[in-house]
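Worksheet for the structure shown next.
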Amino acid sequence: MSLRSFHIVFVTVSTLMFIFLALWAFLLTEERSVVSAGLGILGIAGTVGMPIYGVYFYRKARNILL
């Protein structure tokens with residue numbers, strides 16, 4: 001597995017973990033607090049940001065020979 005492929009897999013797994021973090025913070029946790037809300041917001045930001053970064057990286061790394 002090349003470094004580029006590993007990076008794409010890593011971005012995908014990170015996105016899935018951010019989705020889980022957002023779902024856990026807003027739907028699964030029984031204790032509502034500022035910390036869980038902050039983690040949920042972080043999860044949403046990561047859910048949006050990681051795929052954008054992944055597409056940016058894929059386009060940039062397409063022409064790089066690793």
Side-chain angles (χ1 to χ4, degrees):
M1 178 180 275
S2 70
L3 187 59
R4 179 180 20 199
S5 299
F6 177 76
H7 194 80
I8 291 170
V9 168
F10 182 75
V11 168
T12 302
V13 170
S14 296
T15 302
L16 293 174
M17 291 180 77
F18 275 119
I19 291 170
F20 175 75
L21 180 64
L23 290 175
W24 173 81
F26 291 122
L27 300 177
L28 299 177
T29 186
E30 295 176 1
E31 179 181 330
R32 303 286 179 207
S33 67
V34 175
V35 174
S36 65
L39 288 174
I41 291 170
L42 179 68
I44 290 172
T47 301
V48 173
M50 288 304 286
I52 293 171
Y53 171 72
V55 170
Y56 169 76
F57 175 79
Y58 182 75
R59 288 182 180 167
K60 185 175 179 179
R62 197 172 20 187
N63 298 327
I64 298 174
L65 296 175
L66 295 176

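Keep in mind that what you see is a predicted model, and the values were worked out from it rather than measured.
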task = Indicate the atoms forming the closest heavy-atom contact of G43 with A22, along with that distance.
result = C-CB, 4.0 Å
key: Value rounded to 0.5 Å, distance of CD1 in I52 from OG1 in T47   = 11.0 Å
inquiry  = Looking at every non-hydrogen atom in both residues, tell me the closest pair between R4 and R62 and how far apart they are.
reply    = NH1-O, 3.7 Å
query = Rounded to the nearest 0.5 Å, how far apart are CD1 of I8 and CG of L3?
reply = 10.5 Å
Contacts of V9 that satisfy side chain to side chain contact (heavy atoms under 4.5 Å, CB included) - sequence neighbours left out = M1, V13
inquiry  = Other residues, nucleotides and ligands only: do more than 12 of their heavy atoms fall within 6.0 Å of CZ on R59?
reply    = no
query = Can you list the residues that meet the side-chain hydrogen bond (donor to acceptor under 3.5 Å, both in side chains) rule with S5, with sequence neighbours excluded?
reply = S2
key: Hydrophobic cluster identity match, I19 and L27, side-chain contacts under 4.5 Å   = yes
task = Hey, could you give me each pair passing ring pair (Phe, Tyr, Trp, His ring centres under 6.0 Å) that has a residue in residues 3-23? Not counting sequence neighbours.
result = H7-Y53, H7-F57
query = In terms of hydrophobic clustering (I, L, V, M, F, W, Y; side-chain heavy atoms under 4.5 Å; direct or indirect links), are V34 and L28 co-clustered?
reply = no
key: ILVMFWY network linking V48 to Y58, side-chain heavy atoms under 4.5 angstrom   = no
key: Heavy-atom closest pair, residues T29 and S36   = CG2-CB, 4.3 Å
query = Could you give the distance from CE (M17) to OG1 (T12), rounded to the nearest 0.5 Å?
reply = 13.0 Å
